[in-house]
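Notes follow once the structure below has been shown.
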Amino acid sequence: KMTKRREGGNTPEEGNTLRTETRRIMMKNLLLVPFLALLFAVNAFAQDMPNENRDLKQAFMAGSPGLIVKGTGAAPSDRPLSQSQKKMLALRAAKLVAIRELAEVIKGIPITGESIIKDMAVQSDTFRTTVDGFVQGAQVIKETYDQMNEEAVVYVAMPMTGTNGVIGTLLLPTIQNTPPAGIPYQAPPAVAAAAPVQNYDGLIMDVREQPFKPALINRVLTKNNEVVYDPAKVAQNILVERGAAEYTNDVGKAKALLSERGAANPLVIKAGGLVKGTDAEVSPDDATAIYRANQSANFLEGAKVVFVLK
C-alpha cells in the first residue's frame with residue numbers, strides 16, 4: 001500500500017524527518033555561535049596583551065618602548081573573600097611580582113664593561129635607595145583579572161630615555177661613582193693644529209663587527225686606553241634628556257637620529273675592537289680624525305653620538 005504524499009511531494013514521514021533534521025542543524029548552529037564568540041574574544045584578548053621586553057639590547061635601541069615586564073598573582077586562599085576583594089588582592093599581588101621582576105632586569109643593566117647597576121647598589125646605600133624608589137614608579141600599562149581562575153596579570157613598563165626613564169634617572173649618579181677609564185686623548189700638536197678635512201658635526205660608531213653591548217656608559221678609546229669620547233664630559237641636562245649616546249642597527253637610521261639633533265654631516269668610524277665589551281676601540285688615525293672634527297664642532301660634548309649595532 002503506497003503512502004499518500006502531500007502537496008510538494010513529501011510523505012508525512014519524510015516531512016517529520018526533514019523538520020527533525022532542520023531543528024538539529026539549527027541547534028548545532030546555536031551552540032556554535034557562543035563557541036565562536038568565545039574563540040574570537042580569547043583571540044582578541046591575546047592580541048591586546050603587550051609584548052614583554054626584558055632584552056636590554058633591544059630596550060636601548062632607538063624607538064624602543066623600553067622595558068616591559070609581566071607579573072601574575074592571586075588572592076590569598078586562607079580566608080573567605082568577596083569577588084571584589086579577590087580581584088583587588090590578586091591585582092595587587094601581580095603588580096608586586098611585576099615590580100620585583102622589573103627590578104631584577106634593571107639591576108642587570110651594564111654601567112660599563114666592569115659593572116652593572118646591582119654592583120653599584122651594593123656599594124652605595126644612597127644609590128640603592130635611588131634605584132628602589134625609581135622602580136616603584138614603573139607605569140602599569142595593562143591589568144586583567146580572570147574571575148574563573150581567580151588570577152590577575154599586570155604589565156609594567158619603564159622607558160629607557162627621558163627624564164623619568166632609566167637613563168635619565170640613573171646615568172648621572174653612575175657617572176659620579178664610576179672611576180675614569182683613562183687619560184683624555186690628545187692629538188700630536190701639529191695634527192691638532194691642522195684644520196679638519198670636512199666640517200663633521202656628529203659621530204657614528206659602527207660596531208656591527210664587534211660583540212658590543214649597550215650600557216649606561218659607552219666610551220670610545222684608543223689601543224693605549226686614551227679616552228676619545230667620555231660621557232662624563234657631556235652636559236648634565238643632555239645626559240638626563242637623551243643619555244650619552246643613541247643606538248640603532250643601520251648607518252642610515254643613525255644619520256636620521258643625528259639629523260634630529262642638528263647634525264647634518266656626521267663622521268662614520270668603524271670600531272677596530274672592543275674594551276671589556278662596552279667601549280669601542282679605534283685606531284690612532286681614527287682617534288685623530290674624531291679629535292680634529294670635534295675641535296671645531298664640539299659634537300662630543302653635545303652627545304651627538306650613535307652606535308650602530310648588529
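Keep in mind it's a predicted model, so treat the numbers as computed, not measured.
Residue Gln147 qualifies as open at atom CD: its count of foreign heavy atoms under 6.0 Å is 12 or below. Within a 6.0 Å radius of CD in Gln83, more than 12 heavy atoms belonging to other residues, nucleotides or ligands are found. The number of heavy-atom neighbours closer than 6.0 Å to CG of Asn225, taken from other residues, nucleotides and ligands shown, is above 12.
Remark: the backbone N or O of Gly252 is paired with a side-chain donor or acceptor of Asp250 at under 3.5 angstrom. Side chain of Asp279 to main chain of Leu221: no donor-acceptor pair is present (N/O by atom type, distance under 3.5 Å, no hydrogens or angles). A side-chain donor-acceptor contact under 3.5 Å links Thr129 to the backbone of Asp125. Counting only distance, with no hydrogens or angles, the side chain of Asp230 and the backbone of Lys233 share no donor-acceptor pair below 3.5 Å.
Neither side chain, Gln123 nor Asn177, offers a donor N or O lying under 3.5 Å from an acceptor on the other. One side chain, Ser82 or Ser84, offers a donor N or O that lies under 3.5 Å from an acceptor on the other.
Under the 6.0 Å cut-off for aromatic ring centres, Tyr185 and Tyr291 qualify, their centroids lying closer than that.
For the pair Met160/Leu67, a side-chain contact is recorded, criterion being any heavy-atom separation below 4.5 Å from C-beta on. A heavy-atom distance below 4.5 Å is not found between the side chains of Ile290 and Thr288. Residues Tyr229 and Asn218 are not in side-chain contact: their nearest non-hydrogen atoms beyond the backbone lie 4.5 Å or more apart. Between Val122 and Arg128, the closest side-chain pair of non-hydrogen atoms is not below 4.5 Å. Taking 4.5 Å as the limit, every side-chain heavy atom of Asn164 sits out of range of all side-chain heavy atoms of Thr169. Side-chain contact between Asp146 and Val153 is absent, with no heavy-atom pair separated by less than 4.5 Å. With contacts defined as side-chain heavy-atom distances shorter than 4.5 Å, the pair Arg219/Thr278 does not qualify. The shortest side-chain heavy-atom distance between Tyr145 and Lys86 falls under the 4.5 Å cut-off.
Using a 4.5 Å cut-off between side-chain heavy atoms of Ile, Leu, Val, Met, Phe, Trp and Tyr, with links allowed through other members, Val268 and Tyr200 fall into different hydrophobic clusters. Ile111 and Val240 fall within the same hydrophobic cluster, defined by Ile, Leu, Val, Met, Phe, Trp and Tyr side-chain heavy atoms under 4.5 Å apart, directly or through other members. Note on Val166: it clusters hydrophobically with Met61, by side-chain heavy-atom contacts below 4.5 Å among ILVMFWY residues. Met205 and Leu239 fall within a single hydrophobic cluster, where Ile, Leu, Val, Met, Phe, Trp and Tyr are joined by side-chain heavy atoms under 4.5 Å apart, directly or via other members. Hydrophobic clustering of Ile, Leu, Val, Met, Phe, Trp and Tyr side chains at less than 4.5 Å, counting indirect connections, unites Ile167 with Leu102.
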- Residue pair Val308, Asn249: steps toward the side chain to side chain contact (heavy atoms under 4.5 Å, CB included) verdict: CA-CA 5 Å; Val308 179; Asn249 58 4; 5.5 Å; no
- Item | Arg261 vs Glu246, salt bridge (charged side-chain N to carboxylate O under 4.0 Å, His left out): CA-CA, chis, key distance, verdict | CA-CA 11 Å; Arg261 310 295 181 203; Glu246 293 183 280; 3.3 Å; yes
- Message: Evaluate Val306 against Thr248 for side chain to side chain contact (heavy atoms under 4.5 Å, CB included), listing each step before the verdict.
- Response: CA-CA 7 Å; Val306 180; Thr248 187; 3.9 Å; yes
- Report the C-alpha separation of Arg242 and Thr161 in whole Å, then their side-chain angles, then the decisive distance to 0.1 Å, and conclude whether the side chain to side chain contact (heavy atoms under 4.5 Å, CB included) test is met. CA-CA 6 Å; Arg242 62 175 185 264; Thr161 57; 5.7 Å; no
- Query: Would Arg92 and Leu89 satisfy side chain to side chain contact (heavy atoms under 4.5 Å, CB included), going step by step from the backbone distance to the final call?
  - Reply: CA-CA 5 Å; Arg92 183 183 299 172; Leu89 293 174; 3.9 Å; yes
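No salt bridge links Asp55 with Lys57; every basic N to acidic carboxylate O contact stays at or beyond 4.0 Å. Using a cutoff of 4.0 Å between basic side-chain nitrogens and carboxylate oxygens, Glu101 and Arg54 are scored as salt-bridged. Taking the charged nitrogens against the carboxylate oxygens, Lys95 and Glu143 have no contact shorter than 4.0 Å, which rules out a salt bridge. A salt bridge links Lys142 with Asp48; the closest basic N to acidic carboxylate O contact falls under 4.0 Å.
The minimum heavy-atom distance linking Gly71 with Val97 is given by the pair CA-CG1, 3.9 Å. In terms of heavy atoms, Pro266 sits closest to Leu258 at CB-CD1, 3.6 Å. The two residues Pro110 and Pro214 have their closest heavy-atom pair at CG-O, 3.8 Å. Looking at every heavy atom in both residues, Arg208 comes nearest to Lys310 through O-CD, 3.2 Å. Between Gly73 and Ala93 the shortest heavy-atom distance is CA-CB, 4.1 Å. For the residue pair Ala303 and Gly243, the shortest heavy atom distance occurs at CB-O, 3.8 Å.
The distance from atom NZ of Lys107 to atom CG of Leu170, rounded to the nearest 0.5 Å, is 11.5 Å. Taking CG from Leu91 and CG from Leu96, the interatomic distance works out to 11.0 Å, rounded to the nearest 0.5 Å. Within the model, atoms CD1 of Ile217 and OG1 of Thr178 stand 4.0 Å from one another, a figure rounded to the nearest 0.5 Å. Taken to the nearest 0.5 Å, the CG atom of Asp201 stands 11.0 Å off from the CG atom of Asn294. If you take CD on Gln210 and NZ on Lys270, they are separated by 9.5 Å, rounding to the nearest 0.5 Å. Separating the CG atom in Asp119 from the CD1 atom in Ile116 is a distance of 4.5 Å, to the nearest 0.5 Å.
Classification of the Phe212-Phe307 ring pair by plane angle, with boundaries at 30° and 60°, yields parallel. Ring-plane geometry between Tyr247 and Phe60 is classed as perpendicular, the angle between the planes exceeding 60 degrees on a 0 to 90 degree scale with a lower cut at 30.
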